[in-house]
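These notes are about the structure you will find just below.
Proteins get letters first, then strands, A, B, ... in listed order; numbering begins at 1 in each.
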Protein chains: 2
Amino acid sequence: MAAGDTRKQIIDAADDLFYGLGFSQTSFADIAAAVNISRGNFYYHFKTKDEILEAVIDKRLADRETLLSRWDETAARPEDRIACFIRIVIANQTKIMAYGCPVGTLTTELSKLDHPAKDKANRIMALFRDWLVRQFEVLGTGALAKDHALHVLGWSQGVATLAQAFKDEAYVQREVDSILAWLDGVRSAAQAAG
Amino acid sequence: MAAGDTRKQIIDAADDLFYGLGFSQTSFADIAAAVNISRGNFYYHFKTKDEILEAVIDKRLADRETLLSRWDETAARPEDRIACFIRIVIANQTKIMAYGCPVGTLTTELSKLDHPAKDKANRIMALFRDWLVRQFEVLGTGALAKDHALHVLGWSQGVATLAQAFKDEAYVQREVDSILAWLDGVRSAAQAAG
DNA sequence: TGGCTAATAGGTCAATTGTCCTAGTCGGGC
DNA sequence: GCCCGACTAGGACAATTGACCTATTAGCCA
């Protein structure tokens, strides 16, 4: 097996396990078992557990950048792109009900651990924020773009947390409908002002 | 020192540590050091770590029940009571920016651990939800009371998560203003209909 | 004072953790 | 065929964990 393959497999397995169990609760043994390699072999690819974490965060950053770029391409209007973001809580509903939001739960955990990589993890959150700011700017909300962006981002975190706690699919759907209606109000207000 | 005292001190220290570090990251040694007793003495008061967790959750449940009862007494109108709930994200802003929401982060962590006490932890979340439902019912929102309650509860979770990630006080204040305006809209609509 | 029980201290235990080392295998270039 | 570097396996290591035990003290009651 080529080195790149094993390394990628380790990162993928760690990504899943960090999401499902949390970072500190995932052991080297867990990852090694998932990839089916010996624990010792691990040390060849990653010197420390923190190194794996950094690689996982890098991968998540790249994945999200790809996702946002795709939305930029496939959805022409900014309101449609924002709607894509809103609807991921439905697309990923099953996983969110089981493990919460992968971005939110990681930033929360690393923050509590006061882990050196917490700032890097926050960058994933900031990536979504900045992308949303751009969409609202294109939508024509002017100085309110940042406020609206944080509002939508915070909304997604709240929905994910309650979805995990109560496992209520209807609640998620209602919240999506509700924020889409809010988004439409923001759009029409911006277009009336512009 | 009386037995009740030491036990209470252990629970208080564990409460703080579980909030600041997380449950699984807090060790017996951490709690013992905080209370200034020997590790061995621990076993006399609590047989297992899970037993401490249950005691902490019970304490949090009791604390929140007291808090909600106080709001029931001091605030006459339901909209004022709901506003009390909304404003705790400002009252506890410093701690929330450091550690997130004590209720949300615990339920998320225990859910990932698939811990036996996760349902009990969820009861704190449910306590707030049911209280909010009652307030919205008194407010006269009829069948929408449950939807509104979950909306406010999810809002608080989202604000706490982003407050911790971005440490943006102005964001928190804006969100509070915004949801208070929403609450006022709900109130006037309910009173117009009633 | 003597005795009993609640409470505490300190240490042991096996298990698990992240880290690290060494011996070995494999495959392509000379 | 040989060699060298990439890769892997398996285990050693100290540290930490939750759990558990025993000896000792403190406080109260008779």
Discussion item. Considering every strand and a 4.0 Å limit on heavy-atom distances, what is the contact class for A:Ser24: base, sugar-phosphate, or nothing?
Written reply: nothing
Item to complete: Taking the six-membered ring of B:Phe23 (Phe, Tyr or Trp), confirm whether the NZ or CZ of B:Lys49 is under 6.0 Å from its centre and within 45° of its axis.
Response: yes
Practice prompt. Establish, with yes or no, whether the OP1 or OP2 oxygen of D:dT17 is under 4.0 angstrom from a side-chain nitrogen or oxygen of B:Ser27.
Written response: yes
Practice prompt. Please determine if a side-chain N or O atom of B:Asn41 lies less than 4.0 Å away from the OP1 or OP2 oxygen of C:dA7.
Written response: no
Response to the item:
Separation of D:dA6 atom C1' from A:Asp5 atom CG, nearest Å, is 14 Å
Item to complete: Take the protein atom CZ of B:Arg7 and the nucleotide atom P of C:dA7, then report the distance between them rounded to whole Å.
Response: 11 Å
Practice prompt. Using atom CZ of B:Phe42 as one end and atom C1' of C:dG11 as the other, report the distance to the nearest whole Å.
Written response: 17 Å
Worksheet item: Within 45° of the axis and under 6.0 Å from the centre of the six-membered ring of B:Tyr43, does NZ or CZ of B:Lys47 qualify?
Response: yes
Worksheet item: Can you check whether A:His151 and B:Tyr171 have ring centres sitting under 6.0 Å from each other?
Response: no
Worksheet entry | D:dT8 OP1/OP2 closer than 4.0 Å to side-chain N/O of A:His45 | yes
Worksheet item: So, B:Asp80 and B:Trp71: side-chain donor and acceptor under 3.5 Å apart, yes or no?
Response: no
Discussion item. Given D:dA19, D:dA9, C:dG18, identify the nucleotide with an atom nearest to the side chain of B:Phe28.
Written reply: D:dA19
Worksheet item: Does B:Thr6 put a side-chain nitrogen or oxygen below 4.0 Å from OP1 or OP2 of C:dT8?
Response: yes
Item to complete: Kindly say whether, by distance alone, the side chain of B:Arg39 makes a donor-acceptor pair under 3.5 Å with the base of C:dT8?
Response: no
Worksheet item: Under 4.0 Å between a side-chain N or O of B:Tyr44 and OP1 or OP2 of C:dA7?
Response: yes
Worksheet item: Could you give the CZ-to-C1' distance, from A:Phe23 to C:dG18, as a whole number of Å?
Response: 10 Å
Item to complete: Measure from the side-chain heavy atoms of B:Ile37 and tell me the nearest of C:dT19, C:dA9, D:dA19.
Response: C:dA9
Discussion item. Whether the B:Ser24 and B:Glu109 side chains hold a donor-acceptor pair (N or O, under 3.5 Å, no angle test) is what I'd like checked.
Written reply: yes
Worksheet item: In whole Å, what is the span from the CZ atom of A:Phe46 to the P atom of C:dT17?
Response: 19 Å
Worksheet item: Which whole-number value in Å describes the distance from A:Glu51 CD to C:dG18 C1'?
Response: 13 Å
Practice prompt. Answer yes or no: does a side-chain N or O of A:Tyr43 lie under 4.0 Å from OP1 or OP2 of C:dC20?
Written response: yes
